[in-house]
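Numbers restart at 1 for each chain; the letters A, B, ... are given by sequence-line order, proteins then strands. Keep in mind the model is a prediction, meaning the values are calculated, not measured.
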2 protein chains.
Amino acid sequence: MEKATIKDVADLAGVSPSSVSRSLRGVGGVSAATTERIRAAAESLGYTVSPAAYRLATGRTGTVAVVMPYLTRWFFAELLGGAEAVVREAGLDLLLYHLGDTEIRQRYFSSGILRKRVDGVLLATLALSDPEIHALRSLDVPVCMAGTEVDGFSSVCIDDVSSARRAVQHLVNLGHERIAIIAGDPREPMHFTVPPRRRDGYLAALKAAGLPAGPDLEAQGAFTVEGGEEATVDLLARDVLPTAIFAECDEMAFGALRVLGRVGLRVPEDMSVVGFDNHPMASYFGLTTVAQDVAEQGRMIAWHLVRSAQGNGAKPVRLRAPTHLIVRATTGAPTRRTARAILAGRQPAVAGAKSDSARRSSRPARANGHDPLTRPPMARPAGNKRLATTKEKKG
Amino acid sequence: MEKATIKDVADLAGVSPSSVSRSLRGVGGVSAATTERIRAAAESLGYTVSPAAYRLATGRTGTVAVVMPYLTRWFFAELLGGAEAVVREAGLDLLLYHLGDTEIRQRYFSSGILRKRVDGVLLATLALSDPEIHALRSLDVPVCMAGTEVDGFSSVCIDDVSSARRAVQHLVNLGHERIAIIAGDPREPMHFTVPPRRRDGYLAALKAAGLPAGPDLEAQGAFTVEGGEEATVDLLARDVLPTAIFAECDEMAFGALRVLGRVGLRVPEDMSVVGFDNHPMASYFGLTTVAQDVAEQGRMIAWHLVRSAQGNGAKPVRLRAPTHLIVRATTGAPTRRTARAILAGRQPAVAGAKSDSARRSSRPARANGHDPLTRPPMARPAGNKRLATTKEKKG
DNA sequence: CTGAAAGCGCTTACAG
DNA sequence: CTGAAAGCGCTTACAG
């Protein structure tokens with residue numbers, strides 16, 4: 001079947017294209033009888049409005065752009081999934097842009113290419129430069145952000161500061177006094193805005209508790225598993241060891257668990273670990289973490305974007321998504337034995353963890369802290385009740 | 001700045017819109033002098049061609065659709081990432097559709113809504129029903145598939161059968177004689193095509209080696225970590241236990257490792273495990289697996305789609321992406337002690353693994369098989385040479 | 001090499 | 001309630 005046009009439908013129904021357009025759009029002013037005839041004609045012809053013609057005539061594109069710095073990372077994939085559902089439900093098209101480096105990004109924003117192409121833009125967690133923000137503003141379409149707040153744009157965020165603070169407070173409450181952080185690399189090319197906020201929460205909790213903070217207790221982890229491993233190796237080579245580690249994201253916590261297992265430190269007996277995000281693998285590891293529903297955030301902001309793109313109530317809003325601490329099995333009260341003493345008694349040297357020789361030690365690696373069967377009283381694992389399934393319930 | 005039109009540019013350059021169009025499109029027939037004047041005018045006005053007008057005039061949309069059954073699963077996110085890069089590089093727009101259930105999907109395909117909207121469609125691993133295939137064909141635009149082969153459409157696939165066979169052959173070569181499989185659920189709503197092919201490879205290897213196969217050695221895992229856990233619990237409750245497990249995907253292998261660790265079976269001494277995909281976490285677990293480069297597959301097929309969508313050499317092709325076995329630390333020769341004997345000596349009963357009581361056993365969980373320090377001679381771990389980073393080199 | 005004109009398929013005041 | 005007409009911003013034969 002060839003592509004039917006509005007004229008074909010009009011001819012078949014014996015009316016003018018105007019009437020077809022009116023009736024199909026449901027703007028009223030068409031008698032019930034003609035409406036029905038038109039509907040039947042359109043259906044029999046398999047008629048669909050040409051998006052190009054519609055857009056040209058109305059100036060509205062029926063399209064939103066979703067701009068992502070990463071497509072494969074958990075957070076962004078979840079966000080995209082949530083947003084897509086809402087956008088499609090609204091009958092709009094979703095144009096996907098993976099905008100890696102700043103240069104590409106700015107070229108895109110300022111080229112105006114988006115302006116004629118979309119009715120709205122959804123940007124995921126990017127710290128934007130001033131020229132970029134300016135370019136976005138002059139796009140002259142509603143812009144929404146996820147994970148970042150910018151004046152004049154709507155956004156959805158979690159409260160990274162207070163959430164991180166709560167996670168660290170959990171460690172404080174367990175009795176930890178030397179709490180290290182595995183932080184995101186501040187020189188991250190993507191200008192991630194999240195890491196510094198989570199670090200602020202960490203620092204706030206320490207300060208409130210009168211606990212020490214500083215470079216001795218910080219390591220960089222790049223927000224990846226490997227980065228978490230490197231950071232942990234780094235931490236374990238410090239003069240004084242922590243009794244607990246707060247990782248700014250779960251992936252880094254996974255890396256920490258691996259290294260701790262390798263060097264023979266038990267989790268949580270010898271070292272507590274807290275992550276952030278409740279990554280799908282977190283329950284696998286029994287990781288204590290801060291949970292956020294990222295897909296829901298995608299839905300929230302996409303819903304707002306759709307409304308704005310359709311011209312309704314375009315006042316910028318700042319949406320807050322909730323988080324909650326999930327205590328599983330990687331956190332517990334510190335034991336009297338320090339990690340240093342344990343390592344000293346078992347390993348040639350902590351520094352040895354960096355070399356191949358550590359791996360040839362005769363000690364078998366320990367479990368990575370999941371499902372520790374002896375658990376200190378204060379650690380209340382949520383979930384993990386059954387062996388076969390480990391899905392957490394919300395809330 | 002208001003949106004400049006071609007007329008604005010023409011006026012500023014003192015020429016006709018025709019010339020502006022010709023010169024900007026680079027179709028020739030415009031003097032160098034005018035071309036330059038036009039270019040300058042366009043630039044000073046920040047002119048961009050209106051996609052809607054262009055599409056209406058030419059009938060070409062400059063857009064491709066990418067249709068995905070999942071957005072957040074590793075495989076699909078990787079594929080999307082690879083495809084996006086190529087599509088954007090080609091200057092085309094990427095319309096994203098997350099089409100969950102069959103009903104929604106078919107409605108979309110047959111509505112013709114895509115026909116007027118895109119110049120090409122890329123479908124990710126979906127087993128399509130005949131009506132769906134018919135609807136796709138009548139779309140009248142090139143359709144490319146990733147992970148599935150359909151007559152008349154271009155596609156990119158790995159050889160699931162021979163890759164799975166090779167993985168299982170690796171187990172056979174190590175001396176395993178009872179090799180179980182954790183397979184994808186055949187009633188999967190998405191009509192996944194991959195699981196049966198990987199199972200075929202598994203069966204072929206067993207048959208060639210004259211080893212037993214059958215229901216006793218099969219369990220369903222749903223292609224998720226939790227599914228892998230359940231399947232492993234199931235396998236461990238069988239009358240006769242395997243000495244090795246082939247999981248059709250890495251996520252299920254992760255689940256297997258977790259359960260094995262919990263019940264006290266060492267990997268690979270007591271049980272070997274092979275996965276499939278080389279998921280980013282595979283190296284973390286030291287998992288022996290079949291590696292495929294999914295992003296590359298996305299690039300390959302997207303490149304072909306772009307060419308087809310632009311009308312060049314539209315003959316359907318069947319692209320094959322390579323795979324390679326990565327032997328890490330979860331596979332080794334079977335020991336004389338059977339898993340059954342080990343379990344019998346250590347646990348109240350295998351069935352106990354299903355109940356909470358197993359978790360309260362006084363035995364600590366074992367390491368999940370990564371970095372086993374005693375390793376049988378035939379297992380040659382690739383990578384894992386250094387502690388801090390575990391990235392594999394290709395090839 | 002350049003321009004006038006038609007046409008792509010719609011929507012939307014404007015008349016009736 | 002209905003239709004004729006203009007217009008959205010381009011491209012592309014068709015003349016010159």
Side-chain angles (χ1 to χ4, degrees), chain A residues 1-39 41-42 45-63 91 93 112-113 115-117 119 310-311, chain B residues 1-39 41-42 45-63 91 93 112-113 115-117 119 310-311:
Chain A
M1 48 175 160
E2 268 309 298
K3 310 174 188 181
T5 71
I6 197 172
K7 179 118 196 325
D8 299 327
V9 177
D11 289 349
L12 183 57
V15 295
S16 72
S18 319
S19 292
V20 174
S21 176
R22 282 191 209 97
S23 106
L24 257 31
R25 321 208 67 239
V27 291
V30 185
S31 75
T34 14
T35 297
E36 174 49 26
R37 239 184 317 141
I38 289 169
R39 199 204 52 70
L45 258 31
Y47 172 72
T48 321
V49 173
S50 155
Y54 174 85
R55 288 166 195 185
L56 185 55
T58 63
R60 314 179 74 256
T61 65
T63 305
D93 280 337
I113 190 172
R115 188 174 353 132
K116 291 180 173 177
R117 209 165 292 254
D119 296 332
Q310 294 173 338
Chain B
M1 48 175 160
E2 268 310 298
K3 310 174 189 180
T5 72
I6 197 172
K7 178 117 200 325
D8 299 327
V9 178
D11 289 350
L12 184 56
V15 295
S16 73
S18 320
S19 293
V20 174
S21 177
R22 281 190 209 99
S23 105
L24 257 31
R25 319 209 67 239
V27 292
V30 186
S31 75
T34 12
T35 297
E36 175 49 26
R37 236 180 324 138
I38 289 169
R39 198 204 52 71
L45 258 30
Y47 172 72
T48 320
V49 173
S50 155
Y54 174 85
R55 289 168 194 184
L56 186 55
T58 63
R60 314 179 73 258
T61 66
T63 305
D93 280 337
I113 191 171
R115 188 172 356 131
K116 290 180 174 176
R117 209 165 292 254
D119 296 332
Q310 293 173 338

**Request:** For Val49(A), report the nucleic acid contact type (base, sugar-phosphate, nothing); a contact means any heavy atom under 4.0 Å.
**Result:** sugar-phosphate
**Complete:** DNA chain C nearest-nucleotide lookup for Lys116(B) and Arg37(B): closer to the 5′ end is Arg37(B)
**Message:** Here's a test of your reading of the structure: between Ala53(B) and Val30(B), which maps to the more 5' nucleotide of DNA chain C?
**Reply:** Val30(B)
Inter-residue atom distance [X].[atom1] - [Y].[atom2], 0.5 Å rounding:
X: Ser18(A); Y: Ile6(A); atom1: OG; atom2: CD1; value: 8.0 Å
X: Thr61(B); Y: Lys116(B); atom1: OG1; atom2: NZ; value: 13.0 Å
X: Thr58(B); Y: Arg25(B); atom1: OG1; atom2: CZ; value: 7.0 Å
X: Ile38(A); Y: Ser21(A); atom1: CD1; atom2: OG; value: 9.5 Å
X: Arg60(B); Y: Arg55(B); atom1: CZ; atom2: CZ; value: 11.0 Å
X: Ser50(B); Y: Leu56(A); atom1: OG; atom2: CG; value: 6.0 Å

**Request:** Keeping the roles fixed (side chain from Thr35(B), backbone from Ser31(B)), state whether a donor-acceptor pair exists under 3.5 Å.
**Result:** yes
**Prompt:** Asp11(B) side chain to Asp8(B) main-chain N or O, any donor-acceptor pair under 3.5 Å?
**Reply:** no
Side chain of [X] (C-beta onward), nearest among [options]:
X: Thr5(A); options: dC10(D), dC1(D), dC10(C); result: dC10(C)
X: Ala57(A); options: dG9(C), dA5(D), dG3(C); result: dG9(C)
X: Ile6(B); options: dT11(C), dT11(D), dT12(D); result: dT11(D)
X: Ser21(B); options: dG9(C), dG3(C), dT12(D); result: dT12(D)

Starting at [atom1] of [X] and ending at [atom2] of [N], how long is that distance when rounded to a whole Å?
X: Arg55(B); N: dT12(D); atom1: CZ; atom2: P; result: 15 Å
X: Asp8(A); N: dC10(C); atom1: CG; atom2: C1'; result: 13 Å
X: Arg22(A); N: dC1(D); atom1: CZ; atom2: C1'; result: 8 Å
X: Leu24(B); N: dT2(C); atom1: CG; atom2: C1'; result: 16 Å
X: Lys7(A); N: dT11(C); atom1: NZ; atom2: P; result: 16 Å
X: Arg25(B); N: dT2(C); atom1: CZ; atom2: P; result: 18 Å
X: Leu56(B); N: dG7(D); atom1: CG; atom2: C1'; result: 12 Å
X: Tyr54(A); N: dT12(C); atom1: OH; atom2: P; result: 7 Å

Under 4.0 Å: is that the gap between some side-chain N or O of [X] and OP1 or OP2 of [N]?
X: Ser50(A); N: dG9(C); value: no
X: Ser18(B); N: dA5(C); value: no
X: Ser19(A); N: dG3(D); value: yes

**Pairwise C1' distance for dT12(C) and dG16(C), with rounding to whole Å** = 16 Å
**Fill in**
5'-most contact on DNA chain D (nearest-nucleotide basis), Thr48(B) vs Thr34(A), goes to Thr34(A)
**Message:** Output the pairing pattern of DNA chain C as a dot-bracket string, 5' first, Watson-Crick or G-U wobble with both distances under 3.5 Å, | for cross-strand pairs, [ ] for crossing pairs.
**Reply:** |||.||||||||.|||
